[in-house]
Engineer: 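Pasting a structure below so you can have a look.
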Amino acid sequence: MNLTGNTIFITGGTSGIGRAYAEAFHKLGNQVIVSGRRKGHLAEVTKANPGMQAVEFDVANQASVEAVCKKLIADHPKLNALINNAGVMYLDDPSAEMDDAQMQSIVATNLLGPIRVTSALIEHLKKQPAAYVMNVSSGLAFTPMSFTSVYCATKAAIHSYSLTARYKLKDTNVKVVEIVPPWVQTDLLDSKDNPNAMPLADFIAESMKLIGTDADEILVERVKPLRNNAGPNEAPFFNKFQEMIAQSH
């Protein structure tokens, strides 16, 4: 990807990985539009980054997706890049009864949200000289954590969706990129100060270099053991990983 000269829409761009990517691309001279559900957070981000734009947006609401994406196309005809980053993560236990509302929230935000946003923008993106759909999945898509089972399942689904979207768009100007973060210091599960998680600035610096290449998957070194584990003999590493996570908490 050419790291300059783009008009980029980032969902979930008011904190964590989304905001960090927004600011990194903004500093490189791209037109960045961030979205989120909270006006106060949007205002804080745009105030801190003059020239960046923001839109109130709930990716879990289909009507919001349709309305906002239609306005985005009208207001930003050169829009050529989408980063599907918005996501929620909650603890759960698949060995016990689970909260149905929580499950629906995770699936609506993490899975249906990116699919709906991409669907709403894809015909516009196909008209651009060069366009990008970047889906943020997770190392947990390949080696899940037992106490965030639904979250991990949605990220595995995003990987599958990215594969099929990439194949179907292979003869167009739209490139589908999957960003696969490791455990990063963000607000998810109060990981901001956890020394076992990768510092956010380090993740952004390493992954931005990879985004600037032709890679289909953005894999920083720290996430490769999780990414590479998937396969017929994945269970032993998965079991060991659960023990490692338990010890780190």
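Count residues from 1 along the sequence.
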Engineer: Identify whether the distance between the nearest side-chain nitrogen and carboxylate oxygen of E44 and K47 falls below 4.0 Å.
Structural biologist: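 Here E44 does not pair with K47 in a salt bridge, since their nearest N and O are not under 4.0 Å apart.
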
Engineer: Can you tell me how far OG1 of T7 sits from CG of N30, rounded to the nearest 0.5 angstrom?
Structural biologist: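 The CG atom of N30 sits 8.0 Å away from the OG1 atom of T7.
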
Engineer: Quick one: OG1 on T118 to CG on N135, what's the gap to the nearest 0.5 Å?
Structural biologist: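 Reported to 0.5 Å precision, the distance equals 5.5 Å.
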
Engineer: With distance as the sole test, does T11 use its side chain to make a donor-acceptor pair with the main-chain N or O of N85 at under 3.5 Å?
Structural biologist: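 Checked: pair present.
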
Engineer: Applying the 4.5 Å side-chain criterion to the ILVMFWY set and letting contacts propagate, would V59 and M103 be lumped into a single cluster?
Structural biologist: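 No, no single cluster joins them.
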
Engineer: Please report the closest heavy-atom contact between T109 and P114, naming both atoms and the distance.
Structural biologist: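 Distance-wise, the nearest heavy atoms are O-CD, 3.3 Å.
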
Engineer: Looking only at heavy atoms, what is the nearest atom pair of Q104 and D100, with distance?
Structural biologist: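 That closest heavy-atom pairing would be NE2-OD2, 2.5 Å.
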
Engineer: Please examine the side chains of R19 and H41, heavy atoms only from C-beta on, and report whether any two atoms are closer than 4.5 Å.
Structural biologist: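 They are not in side-chain contact.
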
Engineer: Return yes when atom CZ of R37 has more than 12 non-hydrogen atoms of other residues, nucleotides or ligands closer than 6.0 Å, and no otherwise.
Structural biologist: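 For R37, atom CZ is not crowded (no more than 12 foreign heavy atoms under 6.0 Å).
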
Engineer: A cation-pi test, strictly: NZ or CZ of K170 under 6.0 Å from the centre of the six-membered ring of Y167 and no more than 45 degrees from its axis. Yes or no?
Structural biologist: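 Here K170 passes the 6.0 Å and 45° test against Y167.
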
Engineer: Taking side chain as C-beta onward, heavy atoms only, is I211 less than 4.5 Å from Y21?
Structural biologist: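 Side-chain contact under 4.5 Å: yes.
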
Engineer: Does the side chain of L91 come within less than 4.5 Å of T148's, by heavy atoms?
Structural biologist: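 Yes, close enough: below the 4.5 Å cut-off.
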
Engineer: Work out which heavy atom in Q102 is nearest to a heavy atom in D92; give both atom names and the distance.
Structural biologist: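 That closest heavy-atom pairing would be NE2-CB, 4.0 Å.
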
Engineer: Which of these passes side chain to side chain contact (heavy atoms under 4.5 Å, CB included) with E234: T143, N228, N229?
Structural biologist: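 Single side chain to side chain contact (heavy atoms under 4.5 Å, CB included) partner of E234 among T143, N228, N229: N229.
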
Engineer: Quick one: do D187 and S15 satisfy side-chain hydrogen bond (donor to acceptor under 3.5 Å, both in side chains)? Show the steps, please.
Structural biologist: CA-CA 8 Å; D187 290 333; S15 64; 4.6 Å; no

Engineer: If we count only N and O atoms by modelled type, under 3.5 Å, do the side chains of E243 and N239 hold a donor and an acceptor together?
Structural biologist: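 The criterion, which ignores hydrogens and geometry beyond distance, is not satisfied for N239 and E243.
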
Engineer: Side chains of I33 and H76: closer than 4.5 Å at any heavy-atom pair?
Structural biologist: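 They are in contact (side-chain heavy atoms under 4.5 Å apart), so the answer is yes.
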
Engineer: Should the ring pair F57 and F9 be called parallel, tilted or perpendicular, given that the plane angle runs from 0 to 90° and is split at 30 and 60?
Structural biologist: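 Correct class here is tilted.
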
Engineer: Considering all heavy atoms of both residues, which atom of P77 and which atom of A74 are nearest to each other, and what is their separation?
Structural biologist: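 It is CD-O, 3.9 Å.
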
Engineer: From the options R222, M198, Q185, select the one residue that forms a side chain to side chain contact (heavy atoms under 4.5 Å, CB included) with F203.
Structural biologist: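 Of R222, M198, Q185, side chain to side chain contact (heavy atoms under 4.5 Å, CB included) with F203 is met by M198 alone.
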
Engineer: Which heavy-atom pair separates H124 from L79 by the least distance, and what is that distance?
Structural biologist: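 Minimum heavy-atom contact is NE2-O, 3.1 Å.
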
Engineer: Heavy-atom distance under 4.5 Å between the side chains of F241 and L226, does that happen here?
Structural biologist: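 The answer is yes; the side chains approach within 4.5 Å.
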
Engineer: Provide the closest heavy-atom pair for A22 versus V34 in the form atom of the first, atom of the second, distance.
Structural biologist: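 Looks like CB-CG1, 3.5 Å.
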
Engineer: Checking side-chain hydrogen bond (donor to acceptor under 3.5 Å, both in side chains) against S137, which of E217, E178, K155 comes through?
Structural biologist: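 For S137, the side-chain hydrogen bond (donor to acceptor under 3.5 Å, both in side chains) test succeeds with only one of E217, E178, K155, which is E178.
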
Engineer: Using side-chain heavy atoms (C-beta onward) and a distance below 4.5 Å, is L140 in contact with M89?
Structural biologist: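 Sidechains of M89 and L140: in contact.
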
Engineer: Do NZ/NE/NH1/NH2 and the carboxylate oxygens of E66 and K70 come within less than 4.0 Å?
Structural biologist: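 Answer for the salt bridge query: no.
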
Engineer: Nearest 0.5 Å please: distance from the CG atom of N84 over to the CZ atom of R116.
Structural biologist: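 Answer rounded to 0.5 Å: 13.0 Å.
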
Engineer: With rounding to the nearest 0.5 Å, note down the distance linking OG1 in T14 to CG in L42.
Structural biologist: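 Rounded to the nearest 0.5 Å, the OG1-CG separation comes out at 6.0 Å.
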
Engineer: Nearest 0.5 Å, please: how far is NZ in K126 from OG1 in T172?
Structural biologist: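 Rounded to the nearest 0.5 Å, the OG1-NZ separation comes out at 7.0 Å.
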
Engineer: Measure from the side-chain N and O atoms of S149 to the backbone N and O of S146, and report whether any donor-acceptor pair falls under 3.5 Å.
Structural biologist: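 Side chain of S149 to backbone of S146, a donor-acceptor pair under 3.5 Å: no, none is there.
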
Engineer: Can you spot which of L82, I122, V133 makes a side chain to side chain contact (heavy atoms under 4.5 Å, CB included) with V117?
Structural biologist: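 Between V117 and the candidates, side chain to side chain contact (heavy atoms under 4.5 Å, CB included) is satisfied uniquely by L82.
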
Engineer: Can you find a pair of side-chain heavy atoms, one from N6 and one from Y132, that are under 4.5 Å apart?
Structural biologist: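 Yes - at least one pair of side-chain heavy atoms lies under 4.5 Å apart.
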
Engineer: Counting C-beta onward and ignoring hydrogens, is there a side-chain heavy-atom pair between Q53 and D75 closer than 4.5 Å?
Structural biologist: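 No, side chains not in contact.
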
Engineer: Hey, are E221 and K224 close enough for a salt bridge, meaning a charged N less than 4.0 Å from a carboxylate O?
Structural biologist: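 Counted as a salt bridge, because a side-chain N and a carboxylate O are separated by less than 4.0 Å.
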
Engineer: Quick one: pull up OG in S138 and CD1 in I158 and give me the separation to the nearest 0.5 Å.
Structural biologist: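 If we round to the nearest 0.5 Å, S138:OG and I158:CD1 are 11.5 Å apart.
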
Engineer: Can you get from I179 to L219 by hopping between Ile, Leu, Val, Met, Phe, Trp and Tyr side chains that sit under 4.5 Å apart?
Structural biologist: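 Cluster IDs for I179 and L219 match.
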
